[in-house]
Structure formats: structure tokens, C-alpha cells
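To start, the structure under review is shown below, and the notes come after it.
For ligands, and for the atoms within them, numbers begin at 1 and follow the listed sequence.
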Amino acid sequence: MAIQVEMDGRLFNLHTKDSTYQMVADQHGILLHTWYGKRIDGENLADLIFHADVGFSGNPPEAGENRKYSLDALPQELPSDGVGDYRESCISLVHEDGSMAADFRFESYEILPGAYQVKGMPALYDGAQGADGSMTLVINMRERASKVAVQLLYGVFEEENVITRALRVENRGESDVILEKCLSCCLDFQFGEYDMITFSGRHAMERGFERARIRHARQEVGSRRGTSSHQYNPSVILCGPDATENFGDCYGLCLVYSSNFTASAQMDQRGQTRAVMGIHPEHFSFRLKKGEVFDAPQVILSYSDAGLARLSHQYHKILREHMCRGKYQFARRPVLLNNWEATYFNFNKEKLTALARQAAELGIEMLVLDDGWFGKREDDNSGLGDWFVNEKKLGGTLKELGEEIHALGMKFGLWFEPEMISEDSDLYRAHPDWALTIPGREPNRSRNQLVLDMSREDVREYLFERMTDILEHAPIDYVKWDANRSICDIYSHVYTGDRNGEVYHRFVLGVYDLLEKLLTGFPDLLLEGCSGGGGRFDAAMLYYSPQIWCSDNTDAVNRLSIQYGTSFFYPVSSMGAHVSAVPNHQTGRVTPFTTRGHVALSGSFGYELDINKMTEEEKELVKGQIADFYKYYSLTHEGTYYRLTGLNERFCAWEFVDEEKDHALETLVMTSREGNPLPVHTTVKGLSPEKTYRCSENGHVRSGRTWMNSGLTLSRVPREYESVLIEWTAV
Ligand code: GLA
């Protein structure tokens with residue numbers, strides 16, 4: 001049984017195939033967190049807790065004389081603010097009288113079949129046939145003095161080794177209560193030391209891997225930008241200091257949310273580690289009137305006792321199978337040509353059809369028309385919000401263009417940036433109050449644009465009407481949904497006064513609402529998420545767009561670290577990756593065409609360059625790359641992915657193995673090369689020890705066991721930036 005309940009409904013074990021998560025409601029109704037890790041047999045582990053009289057860690061009233069019972073020391077599921085646990089809390093309330101105590105105690109529980117959903121937000125869902133048998137545990141907690149109730153939601157995906165958490169707060173009292181902080185998840189570790197792995201970066205250099213020991217100083221990543229952000233990804237790993245790709249305890253925390261978040265970890269005075277994750281409490285405050293409910297987003301937890309590789313495999317599987325949706329969840333997506341780096345704003349129908357004709361000849365399957373086709377948009381200073389086709393610039397209608405592209409046997413895609421508005425636009429002139437600006441203050445601009453108030457229904461209705469009109473009147477198969485600035489100047493003309501603290505959250509709920517409506521209206525549409533590249537690369541966006549433009553940086557060498565960092569949580573099938581021109585537009589680096597192809601093959605594959613300027617030799621290479629993309633598709637998109645090297649080594653290598661373990665593909669890119677070079681020796685992973693494989697590099701036939709234990713020495717050291725594909729085929 002995935003959910004085991006004992007001790008008269010006070011001991012809860014959530015079992016997955018290889019892990020157990022345990023909680024116990026103690027004699028005072030505190031919901032203790034007693035275990036998360038390797039699978040156990042469900043015995044009550046509350047006796048692992050060592051009770052001591054810790055100076056300056058006080059005692060709740062029920063403890064009476066017992067000075068050894070302190071909320072400040074206990075591992076807990078819902079640490080609350082203001083009642084004597086001085087560590088990071090999950091929930092903070094302000095009551096009508098201004099007091100700020102939150103003291104939640106266990107009340108009851110319920111077990112429900114299937115996966116719970118979170119209102120207005122994405123969450124993991126059950127498999128299409130409902131056969132996966134995930135289960136939900138609901139724990140009802142009640143605040144001791146007020147009538148605020150919390151439902152803690154736990155999902156168990158047994159086969160996938162995944163536990164999810166979310167929570168709902170309900171005001172069952174008569175008077176208003178203000179929610180000042182509402183994090184979704186707390187993970188307490190009583191013993192051991194941990195490293196925290198985070199993925200940080202900047203525009204065009206997203207998701208760099210960082211690892212640091214958790215000490216007493218609080219380590220935090222987060223966003224207050226209104227998107228999950230380029231700067232920090234809402235996914236973190238806690239692992240033993242000795243954990244590697246193949247060894248050790250690793251815990252993943254992945255937030256299903258696309259806006260402000262916090263993820264932090266800290267060691268307390270007694271050497272215990274607490275990690276928390278959820279909506280960032282700054283610029284957040286939610287007034288709950290009588291009967292109102294607040295839903296906090298889901299956190300996907302996963303545990304691996306066999307290192308980071310297995311943790312990644314668990315996330316890849318759960319996100320691909322239970323978060324991504326729609327026609328293109330598993331179907332092969334079209335190889336695309338995006339005109340952005342080919343033309344930027346300088347295009348018309350003639351140029352675009354010339355690109356499409358050449359693309360069709362080479363086997364490219366879709367043309368994506370990027371920014372600049374609407375309103376007055378000759379550069380990035382104007383036009384956002386005016387979602388009317390600029391037929392004058394285009395030299396025809398969008399329908400004509402789409403039909404011409406379809407006539408070539410290709411699909412047609414279109415760029416939108418729905419959440420934004422330019423001051424130089426008809427929309428802004430008509431509705432200045434639709435932009436997020438603060439009355440009496442000059443707005444802060446970024447890329448010279450403002451942000452629409454997506455919390456407003458009228459704004460969303462306008463966008464839905466405009467997008468629907470365009471999608472209905474031209475044959476459009478794909479939409480790239482962009483968002484090119486961070487949000488500030490939070491002020492809503494609808495949620496005024498202290499309700500402005502709700503706007504960031506309501507904004508992202510509005511984005512989800514519009515995305516959902518669009519996909520309901522156009523279920524066959526393929527969406528690609530984007531926010532200046534990878535500024536909103538998160539699990540929630542995968543619910544709408546099974547692929548996300550990984551980064552505006554298309555440099556094949558920089559992409560190694562960007563795709564590497566992305567791979568810890570997100571499947572390769574979700575990473576938009578394109579071959580672009582050299583010198584690269586972001587870095588000026590020149591890399592071989594083949595290398596650019598090999599790097600993009602490990603992603604949702606496409607091109608982003610003026611293919612009419614390519615040499616005949618490059619055109620032949622394109623045909624070969626597309627053939628390779630088909631040939632290796634089931635490996636790269638459905639196989640198991642292994643990182644073979646870290647970063648900053650002489651070469652970067654990764655590998656895919658198919659489910660049957662009959663076929664493996666390694667990509668190796670030489671990132672630097674010295675004179676009189678040392679050999680390149682690479683490890684091999686994931687083969688079946690019992691099967692025999694031929695290696696394409698040297699033709700040698702050996703057992704999987706031998707290959708995995710001996711590795712492979714390349715017969716030649718590749719030149720700088722040169723790449724090689726190596727296959728292992730079972731014979
Ligand atoms: C963002 C995207 C790019 C491109 C431009 C267009 O930067 O990430 O791919 O679409 O906007 O303005």
C-alpha cells in the first residue's frame with residue numbers, strides 16, 4: 001500500500017518503490033516529520049528524535065513542566081510562525097487584532113484515490129488511463145486559537161519515486177485573516193550534513209550548476225521578478241557531501257510555479273537542516289475573508305539513494321509523463337526554422353517564403369515567424385499589445401503566408417508576447433490602466449516595455465479575443481509564447497490597497513488561465529514557452545508547453561553548460577535547441593556546423609539562421625543532421641540520459657540509452673585542446689552488463705559489463721570544439 005496509516009490514524013507512511021516519507025501526529029497534535037529517504041517498513045521512527053532541554057528554546061503550553069519539548073527543535077511538516085519555532089516557517093498569519101501567531105495542530109486525515117489538483121495551477125496528473133494508481137493523503141490541520149484551517153496535500157507516485165506536497169489555507173472564522181507567508185513545503189533533516197545544489201545564471205547564461213555545503217547561514221535562491229527567472233531556477237537538490245552522479249543520497253525539490261519563489265536551506269543550532277520552498281513571502285500578502293481559500297503551489301519531491309543521475313531520471317520521467325500534456329507530449333515535434341536570428345525585424349512575405357522553400361528542400365518541417373509581424377513593430381520599442389497583423393510590412397495576409405508554407409508541406413508557427421505592452425501602442429493609448437504602473441510614479445521600463453495586468457479579466461479577455469482571431473484566420477500550428485522582462489511597479493487598479501500583495505500571484509494565475517483557455521480552444525496547437533530564452537523554464541510551464549526555448553544563447557559551447565544545468569530536473573525533450581550561424585550572435589565564437597548540430601540534437605531540435613546564406617556543404621550537413629535527429633530521436637527524447645562529465649573539463653560528454661538497452665549514443669564535445677594532447681577517455685553508462693555491444697568508434701565488440709567498467713579511449717583526440725557521436729549497438 002502506497003499510503004500506510006497506523007496508530008489510530010496518527011502515523012503516516014508514504015511509500016514509493018524505493019523511498020518512504022513518514023509523519024507522526026504526536027500527543028500535542030504537532031505533525032512531526034520523522035523520515036524521508038530509503039524505503040523502510042513503516043515502524044514509528046519518532047524515537048529517532050532526541051529530546052533535550054535546549055536553552056532559549058521555549059515550550060508550548062501543553063508541554064507543562066516538560067522543558068524537553070520545544071517546537072524550536074522538532075522536525076515538522078508545517079512549521080508555523082510566531083509560536084516558538086525560530087527557524088524558517090512555512091506559514092505566517094496576521095489576525096484581526098494584529099497578532100501574528102500561527103499554531104497548527106493535527107485534526108484528521110483522508111485518503112483519496114488519484115492525484116490531487118491545485119486550483120488554478122498546474123500539478124502532476126494521473127496517467128491517461130488512470131492506471132498509474134497514484135494516491136493522495138489529505139491532512140487537516142487547525143490553528144489553535146483562530147478558525148484558520150490548513151489542508152496538507154501529499155501525492156504518492158509509487159513507481160516514479162515521487163512524493164508531492166501542496167497546501168490549502170481556509171479561513172473558517174468570521175473575521176478576516178491576512179496570510180503573510182505561505183510556503184508549500186518544509187523538509188527537516190535531523191541528522192547528517194548536506195550540500196545544496198542550485199541552478200543560477202543570467203539572461204543568455206541560464207541554470208549554471210552550483211554546489212555548496214549547508215551551514216548555519218541561510219542559503220537561499222529565489223525570484224521576485226514575477227517569473228521563475230533566468231537568475232535562479234525553482235528547483236534545488238539537497239545531497240550528502242559525498243554524493244556524485246552515481247552514488248549517495250539525493251533529494252530533489254521542484255516547485256510547480258512560474259512566479260516569485262523562495263527555496264532555502266539552513267542548519268539550526270543543533271545541526272539539523274531545514275529546507276523550505278514556496279511562493280516568495282516578499283511582495284506577498286493575501287487577505288482571506290470568511291470562507292475564502294488560498295491554494296499554494298505544488299512541490300515535487302523525489303529521493304534517490306544512487307546519486308544525481310537517478311534523481312534526474314525520476315524527474316525526467318515524472319515531468320514527461322505526468323506534467324507535459326497534449327498532442328505533442330510524446331509525438332515527435334516538427335524540426336523548425338525560426339526566422340529570429342535569420343532576419344530579426346527585417347522581413348516580409350517574400351523573404352519568409354524564400355526561407356521556407358529552402359527549408360522544405362532540406363527537410364525542415366516548420367517555419368516559425370518570430371517577433372515583428374504585428375502592429376507597429378519595426379524594432380523592440382513599440383507595438384506590443386497590438387495583436388493585429390501588419391499586412392503592409394508582410395506584403396500580404398498571414399493566411400496567405402501560412403497557406404504558402406503549408407503548400408510546401410511545412411507547418412507554420414507564430415510568436416506572441418501576450419503579457420506585455422509598449423507605451424507606443426494603440427492598446428496603451430486606449431487602456432493605460434491595463435499596464436502595471438503605480439499612479440504618481442514614472443514606470444520602470446525594461447526592453448522599453450511595460451507589463452499588462454494579467455490579474456485582470458478584461459485584459460485576459462482582450463488577449464484571448466486577439467489571439468483567437470489570429471489563430472482562427474491563419475493556418476497556425478505552433479505558438480512561441482514569450483515574456484521579455486521582469487516585473488516591478490506592482491499596482492493593480494482592481495486589487496487596490498493592501499490587496500496589491502496579491503497581484504504577483506494573481507498575475508501568474510491569469511497567465512495560466514489564458515494558456516489553459518487557448519489550449520482548450522486549440523488543442524492541437526504546439527506551444528513553446530519562452531521568456532527571453534530560459535527565464536521561465538519551470539515545471540508549471542511544461543503543463544502548457546512541452547518544449548521551452550532553453551536560452552537566447554545559441555553558442556554551442558555555452559549551450560553545453562546551459563543544457564547540462566537544465567538536465568538535472570528537466571527532460572531533454574523539453575529543451576528548445578537550435579543550430580545557428582557563426583560567428584555566434586551572442587558570443588562571436590566560431591564552432592563547426594557539425595558540433596552545433598550535435599549539441600542541438602540533444603534538445604527539441606531546430607534551426608535559427610538564414611539558410612539561404614548557407615554553403616552547399618552546409619546544406620548537405622543539414623540534411624544529415626535531420627536524418628540523425630530522426631535516427632536518434634527515440635534515444636534522445638525517450639531514452640535514459642546520463643551526464644558523463646562535469647563542467648570545466650577538456651571535453652563535455654553525455655549519453656542516451658534506450659529502454660531495452662540495445663542501443664546507446666554518446667555525444668562528446670571537445671571544449672579545449674592543447675598541443676601534444678592527452679588522450680580522451682570516456683566512461684560508458686547504462687548498458688546491460690549481460691549484453692554484448694559493438695562500439696561505432698573502434699568497431700570493438702565487448703560485453704556491456706566490460707564497456708561500463710573499462711570505458712573507451714578515443715582513437716584520435718578531437719580538435720577544439722569538434723564533436724563526435726559514438727554508438728553502442730547490441731549484437
Ligand atoms: C526573446 C526570445 C527570442 C526572440 C526575441 C524576439 O528574446 O527569447 O528568441 O523571440 O525575444 O523579440
Under 4.0 Å, heavy atoms only, figure out whether ligand 1 is touched by the backbone of Asp482, its side chain, both or neither.
side chain
Consider every N or O of Arg447 and every N or O of ligand 1, then say whether any pair is closer than 3.5 Å.
yes
Between Asp380 and ligand 1, find which residue part has any heavy-atom pair under 4.0 Å and reply side chain, backbone, both or neither.
neither
Identity and separation of the nearest protein heavy atom to atom 7 (O) of ligand 1:
Asp552 OD2, 2.8 Å
Closest non-hydrogen atom pair between Leu401 and Leu352, with its separation
CD2-CD1, 3.8 Å
Candidate list Leu509, Leu463, Val508, test side-chain contact (heavy atoms from CB on, under 4.5 Å), partner Met454, passing option
Leu463
Got the closest protein heavy atom to atom 4 (C) of ligand 1, with its distance?
Asp370 OD1, 3.3 Å
Just which atoms of ligand 1 are under 4.0 Å from any heavy atom in Cys530?
2 (C), 8 (O)
Please say whether the positively charged group of Arg377, taken as NZ for Lys or CZ for Arg, lies over the ring of Trp415, i.e. under 6.0 angstrom from the six-membered ring centre and within 45 degrees of the axis.
no
Answer whether the closest heavy-atom distance between the side chains of Val622 and Met614 falls below 4.5 Å.
yes
Test the Arg320-Phe330 pair against the cation-pi criterion, namely NZ or CZ under 6.0 angstrom from the six-membered ring centroid and within 45° of the ring axis.
no
Basic-acidic side-chain contact under 4.0 Å: Glu423, Arg429
no
Tyr607 six-ring face occupied by Arg596 cation (under 6.0 Å, within 45°):
no
Mode of Glu341 contact toward ligand 1 - side chain, backbone, both, neither (heavy atoms, under 4.0 Å):
neither
Does any N or O of ligand 1 fall below 3.5 Å from an N or O anywhere on Glu608, backbone included?
no
Any idea which atoms of ligand 1 are less than 4.0 Å away from a heavy-atom of Gly532?
1 (C), 7 (O), 8 (O)
Quick check: Gly533 and ligand 1, any N/O pair under 3.5 Å apart?
yes
List every atom of ligand 1 that sits less than 4.0 Å from any heavy atom of Asn484, numbering the atoms from 1 in the order shown and giving each element.
1 (C), 7 (O), 11 (O)
Presence of salt bridge, Lys619 and Glu361, under 4.0 angstrom
no
Is Glu419 salt-bridged to Arg460, going by a charged N under 4.0 Å from an acidic O?
no
Kindly confirm or rule out an N or O of Asp371 lying under 3.5 angstrom from an N or O of ligand 1.
yes
If you scan protein heavy atoms around atom 9 (O) of ligand 1, the nearest is Lys480 NZ, 2.7 Å
